[in-house]
Amino acid sequence: MSPLRRSLDPRVAADPDRLPPGQVLTEKWPVLHYGAVPTYDLARWRLRAFGEVAAERTFTYEELRAMPVTAVVTDIHCVTTWSRFDNRFEGVSFAAFAALVGMTPEAAFVEFHCAGGFTTSVPVAIACDPGALLTWRHDGQDLRPEHGFPLRALMPRKYFWKSAKWVEGVEFLRQDRLGFWERNGYNNSADPWREERYW
Ligand SMILES: Nc1nc2c(c(=O)[nH]1)N[C@H]1C(S)=C(S)[C@@H](COP(=O)(O)O)O[C@H]1N2
Ligand SMILES: [Mo]
């Protein structure tokens, strides 16, 4: 879309710096992922925290939903060029989660392990940014299964593929490990403001 068309959206016209380069605003929330949407029995669902932590921990769905809730309003930027403004996510602050499980000083990266073997990773500084969550709610409703229910990561400073859906494990790493999309051509840094889309 041309810069002229983009500037016609009043929100972008009012604040042109809000839309990263090469992105187009959308109202819808597209669904994008590799593989099938998993189905869960919430009574048997578990979240495992492991790696560079004081002690490995496993949480039930009940324990997850009892965690202190943080709300974040943020813009989504997908590498396929759509952006969606003002998404209100609720969940547990990732920094609070890392503190709860006793992330060690040696931890430098966080890898999300998801249903079906999908993984992605970010540096600890990105995961512990105040806007980063483990989230289960969007715009006042529980996430729909296709958007990652019961649990997804929200990493607002990165392209949306770093916001892993169907998170079942959080591994704290000393050294980074390339994730699914990152092994298949996506840029591991994924900063939308620098247009770090592909290798
Ligand atoms: N588990 C899992 N999470 C994933 C993906 C995936 O394939 N599997 N794709 C990523 C990509 S490429 C994008 S753009 C977003 C899309 O999230 P949405 O479907 O909620 O818009 O999910 C990300 N999280
Ligand atoms: Mo994506």
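In listed order, ligands and their atoms are each counted from 1. The chain is numbered in sequence order, starting from 1.
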Residue, atom name and distance, where the atom is the protein heavy atom closest to atom 14 (S) of ligand 1:
Cys78 SG, 3.3 Å
Does any N/O atom on Trp29 come nearer than 3.5 Å to any N/O atom on ligand 1?
yes
With nothing but distance in play, are any N or O atoms of Arg152 less than 3.5 Å from an N or O of ligand 1?
yes
What I want to know is whether Trp181 and ligand 1 share at least one N or O pair that is separated by under 3.5 angstrom.
yes
Could you list the atoms of ligand 1 found under 4.0 angstrom from a heavy atom of Trp82?
21 (O)
Less than 4.0 Å between a side-chain N and a carboxylate O, is that true for Asp9 and Arg18?
no
Got a salt bridge between Arg177 and Glu171, using NZ or NE/NH1/NH2 to carboxylate O under 4.0 Å?
yes
Electrostatic pair Glu27-Arg84, nearest N-O below 4.0 angstrom
no
Looking only at heavy atoms of Gly148, does any of them come nearer than 4.0 Å to an atom of ligand 1?
no
Test your reading of the structure: does Trp166 have an N or O sitting under 3.5 Å from an N or O of ligand 1?
no
Atom 7 (O) of ligand 1 [closest protein heavy-atom partner, distance rounded to 0.1 Å]:
Tyr34 N, 2.7 Å
Charged N to carboxylate O below 4.0 Å: is that the case for Arg48 and Glu168?
no
Please report whether the ring centroid of Phe50 lies less than 6.0 Å from that of His113.
yes
Using a strict 4.0 Å cut-off to heavy atoms of Cys114, name the atoms of ligand 1 that fall inside it.
1 (N)
If we only count N/O pairs under 3.5 Å, is Ala164 in contact with ligand 1?
no
Students should be able to answer this: which protein heavy-atom is nearest to atom 6 (C) of ligand 1, and at what distance?
Phe118 CE1, 3.3 Å
